[in-house]
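Report on the structure given below.
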Amino acid sequence: MKPLSGLKVLDFSTLLPGPYATMLLADLGAEVVRVESPSRDDLVRNMQPQIDGQSAAFRYLNRGKQSITLDLKHPDAVTVIHSLLDEFDIVIEQFRPGVMDRLGLGYEALKQIKPGLIYCSITGYGQTGSHAERAGHDLNFLALSGCASHMGRAAHGPAPLGVQVADVAAGSHPAVIGILSAVIQRDRCGDGAHIDISMADNSMALQALLAPGALNGGAEESYETHFLNGGGFYDYYQTKDQRYIAVGSLEPQFKQRLLETLEATELACLDDMTLKIRLQAIFISEELAVWQARFAEVDACVEPVLSMQEAAEHELFHSRNMILESAQGERQIAPAIRFDNQIPVMPESAPLRGQDTEAVMARTGLKQEELESFRQAGLFG
């Protein structure tokens, strides 16, 4: 039995933050039912490349879940959701504040039906405050929270990231933490909760090393001004073949091993920025493969910058079983949270839109005639 077996989640989210959160819950054993619009598709489903009619990204984010279609604007949608609350007691949604209220599906309305309901709302700027109604994306949350002011290069300014830090690290992960904390609280006292996850708030909270100083009279960090953001020799260095190598040799013993391996111990007395220039001159002299071989057995926090394909083939991720492959040849990143050193298995494939509507509706307790009338009225699309 998986750790979260028994938790039942209704997922009203799309795109990345909510689906990533419910993927984590599903990977850990929760039953997750996606409530999808019958007429408006999740944009991630249509990304490229496609596998059996759904994008590879969608199949990853929504693996191990079920899908029902429901027109939430239909007057009978509330009846169906109320019936599902007999069994499902966790809701996660990602609409702008007030949308679920207008649909009759907000927390205050649903907790009257299910007092122990755990209801998680993920938004860009939170349920309250000056920007609550404002649209935004990952880039915007990193900008307003101060993160983008020190992530980039002095010559070019902030750099867009290929990993959605605000969406996932400041959206999905705190949502899961909040939901599981609320489950513990409910087990203790029986109370449900409405969890307000703001991706902008949580982006600000991620700045654990730089923000506290700036808030308490310290210098305001900018691009390449701190030893952790390129202001020292802790950085990426280009190699002769236009590849890069990461040097994280901050501690004295690692710095010593770095310089010994480079046969450059005379550089130990240099200040960080001068050392950085000298290191770049050294690394540019050979191709990445040469440096990989030289540092392969050296514990100095020096590693190659790999592409996704290269990372997937790297011995580290092979030894950790981090890439799974289905019988049909589809490859996915394995669940990264491990219990008891269990070897991960390929989760069930993501559902097609609405493929579980009939099966889930059969669990609601609604009469067949009533379900048929809903169907005829277009509630399920």
Side-chain angles (χ1 to χ4, degrees), residues 9-22 24-25 32-37 39-44 61 70-75 77-78 80-82 84-85 88-147 164-183 185-186 191-206:
V9 182
L10 287 179
D11 179 5
F12 291 87
S13 67
T14 59
L15 301 175
L16 178 58
Y20 192 99
T22 53
L24 294 177
L25 295 172
V32 177
V33 172
R34 287 175 53 86
V35 182
E36 301 196 65
S37 167
S39 59
R40 184 177 179 181
D41 213 349
D42 187 332
L43 295 178
V44 175
L61 286 170
L70 202 62
D71 179 359
L72 297 182
K73 295 180 180 179
H74 194 286
V78 171
V80 171
I81 297 300
H82 284 186
L84 288 170
L85 292 180
F88 291 83
D89 55 5
I90 298 173
V91 164
I92 185 166
E93 61 93 8
Q94 199 178 294
F95 295 106
R96 291 201 208 186
V99 170
M100 289 291 270
D101 289 324
R102 292 192 290 274
L103 294 170
L105 298 171
Y107 174 66
E108 292 299 327
L110 295 189
K111 80 172 184 178
Q112 303 304 316
I113 306 299
K114 190 84 167 186
L117 179 67
I118 293 169
Y119 192 106
C120 181
S121 298
I122 303 175
T123 58
Y125 303 109
Q127 298 296 299
T128 61
S130 63
H131 280 48
E133 299 294 330
R134 198 176 182 95
H137 280 295
D138 192 272
L139 199 74
N140 308 123
F141 313 141
L142 295 177
L144 281 182
S145 65
C147 290
Q164 287 65 52
V165 174
D167 284 355
V168 175
S172 311
H173 287 158
V176 171
I177 293 169
I179 288 169
L180 297 183
S181 298
V183 168
Q185 173 181 271
R186 184 175 64 189
D191 295 335
H194 185 193
I195 304 161
D196 175 5
I197 299 295
S198 158
M199 288 180 275
D201 289 358
N202 281 280
S203 294
M204 178 175 280
L206 287 174

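Panel note: side chain Asp191, backbone Gln185; no donor-acceptor pair is recorded below 3.5 Å. Although no hydrogens or angles enter the test, the distance criterion places a donor-acceptor pair under 3.5 Å between the side chain of Asn140 and the main chain of His137.
For the side-chain hydrogen bond (donor to acceptor under 3.5 Å, both in side chains) test, no residue two or more places apart in sequence or in another chain qualifies with Ser172. Residues passing the side-chain hydrogen bond (donor to acceptor under 3.5 Å, both in side chains) test with Asp42, sequence neighbours excluded: Arg34. For His173, there are no side-chain hydrogen bond (donor to acceptor under 3.5 Å, both in side chains) partners two or more places apart in sequence or in a different chain. Considering only residues two or more places apart in sequence or on other chains, Leu16 meets the side-chain contact (heavy atoms from CB on, under 4.5 Å) condition with Tyr20, Leu61, Gln164, Asp167, Val168. Asp41 is linked by a side-chain hydrogen bond (donor to acceptor under 3.5 Å, both in side chains) to Arg45, counting only residues two or more places apart in sequence or in another chain.
Taking 4.5 Å as the limit, every side-chain heavy atom of Ile179 sits out of range of all side-chain heavy atoms of Val176. The shortest distance between side-chain heavy atoms of Lys111 and Glu108 falls below 4.5 Å.
Closest heavy-atom contact between Asp196 and Gly126: OD1-CA, 3.5 Å. The two residues Ile197 and Ala170 come nearest to each other via the heavy atoms CG2-O, 4.1 Å. Cys147 and Ser203 get closest at one heavy-atom pair: SG-O, 3.3 Å. For the pair Ala169 and Leu206, the tightest heavy-atom approach, listed with the atom from each and the gap, is CB-CD1, 4.1 Å. Across Gly171 and Ile122, no two heavy atoms sit closer than the pair O-CD1, 4.3 Å. Nearest heavy-atom pair across Ser198 and Gly124 is OG-O, 3.4 Å.
Atom OH in Tyr125 sits 6.0 Å away from atom NE2 in His131 (nearest 0.5 Å). The OG atom of Ser181 lies 12.5 Å from the CZ atom of Arg186; values are rounded to the nearest 0.5 Å. One distance of note links CG of Leu110 with NE2 of His194; it measures 10.0 Å at 0.5 Å rounding.
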Let me see the working for Asp71 and Ser39 under side chain to side chain contact (heavy atoms under 4.5 Å, CB included), right down to the final yes or no. CA-CA 8 Å; Asp71 179 359; Ser39 59; over 6 Å; no
Throw together a table of side-chain donor-acceptor distances under 3.5 angstrom for residues 90-106, partners on residues two or more places apart or in other chains.
unit_1: Glu93; atom_1: OE1; unit_2: Phe95; atom_2: N; d: 2.9
unit_1: Glu93; atom_1: OE2; unit_2: Ser121; atom_2: OG; d: 2.6
unit_1: Gln94; atom_1: OE1; unit_2: Gly18; atom_2: N; d: 2.7
unit_1: Gln94; atom_1: NE2; unit_2: Thr14; atom_2: O; d: 3.1
unit_1: Arg96; atom_1: NH1; unit_2: Glu133; atom_2: O; d: 2.7

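Tested against Leu10 for a side chain to side chain contact (heavy atoms under 4.5 Å, CB included), the candidates Asp89, Thr22, Val35 yield a single pass: Val35.
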